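Quick notes on the structure that follows.
Numbering starts at 1 and runs along the sequence shown. Everything numeric here is computed off the predicted structure, so don't read it as measured data.
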Amino acid sequence: MEMAIIRPNMMFLLLWLLTSPASAGQKQQKDQAGDIYEISSRYKTSSESGGGSTGSSSGRTILIERVLEVREDGLKLEYDLPKPEKEKKHGAYWKFPAQIFRHHVGEPELLNGDEMEARIDSWLESAGWTREVCGRWIFTWNAFLIGCDPQAALRMAESYNLRQKNIEPGADYKDSHAIESALLGVKTASSDGTVYIVEMRIDPEIFLREQAASDVILAEITGEPVTLEDALLARSTDRYSGTITITFDTDSSGRIVRKTRVTRLQIERAGGKLEKSTATTILERRLISSAATDQ
């Protein structure tokens, strides 16, 4: 069933703009060199099929964000894993620390790629591997990509980014897995902050290609290679539908402190078999050390 796109009521928007704390001249808290944030990512999935089988999974990862420099054109940031988590991340540890310059206008830039290249070579040598294994999948306690691309650190840091702009009532918002954009609405508003919400329909083609890519990875791990074209053909009769609902929680200064993304997916397989799944990801950002209070 097609879900309606959320469109905020214009009269409500006008009243909100006139009465919200942010509209009364309140400004976002400024970054300062020396500020340190903890960004946590929690996920939870559940699934059920027509045969009555169910499944679920959950997990949590943390990144530490340090503000190294504040410039007129952007921020120099460093991302790293907490030490206990870094020790568990085996093949991922070379990605961090990652230094990134986040331009106010334009795409973010990885600053220490050469340093990462050296860490990759050291990691491969310690594992008894050469660059020939880069890009391959292996299976230990789970599926594991032997990645050797420093830009992967930038992509990972971006997936934890809560410094998003234009989070305001009526703003147009597009998720990478949605077929079209929708307008942000206000769910709740108070002196402590505002919660925004938006709902979009999924892009079936993206989910189809991701499922086919998973089939290719599984085939590589099991030793029975399958091309992406063959995997897409095998899945071509699947029908995908569903919604993506996102909420942004902001504090009294307008900063995003939490982003909750809920994907509800339904797949109709050949023969009419239905599979349903729900995936929830929660990003939370909190200040753990402030340059202002340390002075």
Should [X] and [Y] count as an ion pair when the cut-off is N to O under 4.0 Å?
X: R269; Y: E275; answer: yes
X: E125; Y: R131; answer: no
X: R258; Y: E284; answer: yes
X: R235; Y: D230; answer: no
X: R285; Y: E38; answer: no
X: E158; Y: R102; answer: yes

For the residue pair [X] and [Y], what are the closest heavy atoms and their distance?
X: E199; Y: T245; value: OE1-OG1, 3.1 Å
X: M200; Y: A182; value: CG-CB, 3.8 Å
X: A231; Y: D215; value: CB-CB, 4.2 Å
X: A33; Y: V70; value: N-CG2, 3.7 Å
X: K165; Y: H103; value: NZ-O, 4.5 Å
X: T222; Y: A219; value: OG1-O, 3.2 Å

Report the C-alpha distance between K273 and S49 in whole Å, list the side-chain angles of each, state the deciding distance to 0.1 Å, and finish with yes or no for side-chain contact (heavy atoms from CB on, under 4.5 Å).
CA-CA 8 Å; K273 181 181 178 181; S49 66; 4.1 Å; yes
Ignoring hydrogens and geometry beyond distance, is a side-chain donor-acceptor pair present between [X] and [Y] at under 3.5 Å?
X: H104; Y: E72; value: no
X: S41; Y: T61; value: no
X: E48; Y: T54; value: no
X: D172; Y: S181; value: yes

Taking the six-membered ring of Y37 as reference, does the cationic atom of R163 (NZ for Lys, CZ for Arg) lie under 6.0 Å from its centre and within 45° of its axis?
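Checked: cation-pi criterion met.
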Are the side chains of [Y] and [X] in contact, using a 4.5 Å heavy-atom criterion?
X: L162; Y: K259; result: yes
X: I202; Y: Y240; result: yes
X: I256; Y: Q164; result: yes
X: E78; Y: I36; result: no

Neighbour count above 12 (heavy atom, 6.0 Å) for [X] [atom1]:
X: D114; atom1: CG; result: no
X: K187; atom1: NZ; result: no
X: R209; atom1: CZ; result: no

Are I39 and I282 grouped together when hydrophobic residues (ILVMFWY) are joined by side-chain heavy atoms under 4.5 angstrom apart?
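Different hydrophobic clusters.
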If hydrophobic clusters are built by linking Ile, Leu, Val, Met, Phe, Trp and Tyr wherever their side-chain heavy atoms come under 4.5 Å apart, do Y160 and L68 end up in the same one?
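Per the 4.5 Å side-chain linkage, Y160 and L68 are not co-clustered.
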Show the numbers, then the answer: is there a side-chain contact (heavy atoms from CB on, under 4.5 Å) between I244 and R261?
CA-CA 7 Å; I244 299 169; R261 183 178 186 272; 3.8 Å; yes
If you measure from [atom1] on [X] to [atom2] on [Y], what distance do you get to the nearest 0.5 Å?
X: D203; Y: E210; atom1: CG; atom2: CD; answer: 10.0 Å
X: I167; Y: T194; atom1: CD1; atom2: OG1; answer: 12.0 Å
X: L287; Y: D251; atom1: CG; atom2: CG; answer: 10.5 Å
X: L63; Y: S159; atom1: CG; atom2: OG; answer: 7.5 Å
X: K276; Y: I267; atom1: NZ; atom2: CD1; answer: 12.5 Å
X: L183; Y: I197; atom1: CG; atom2: CD1; answer: 13.5 Å

Looking only at atom types and distance, does a side-chain atom of [X] sit under 3.5 Å from a main-chain N or O of [Y], one as donor and one as acceptor?
X: N112; Y: P97; answer: yes
X: S122; Y: R119; answer: no
X: D35; Y: Q32; answer: yes

Fellow cluster residues of L111, listed by chain then number, with links counted only when side-chain atoms sit under 4.5 Å apart:
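Besides L111, the cluster holds F101.
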With side-chain contact (heavy atoms from CB on, under 4.5 Å) as the criterion, how do V195 and F248 come out once you've worked through the C-alpha distance, each side chain's angles and the decisive distance to 0.1 Å?
CA-CA 6 Å; V195 180; F248 293 96; over 6 Å; no
Residue of the set K95, E65, Q99 for which side chain to side chain donor-acceptor pair (under 3.5 Å) holds with Y79
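Considering K95, E65, Q99, a side chain to side chain donor-acceptor pair (under 3.5 Å) with Y79 is found only for E65.
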May I have the step-by-step check of side-chain contact (heavy atoms from CB on, under 4.5 Å) for S252 and D192, ending in yes or no?
CA-CA 5 Å; S252 58; D192 295 326; 5.7 Å; no
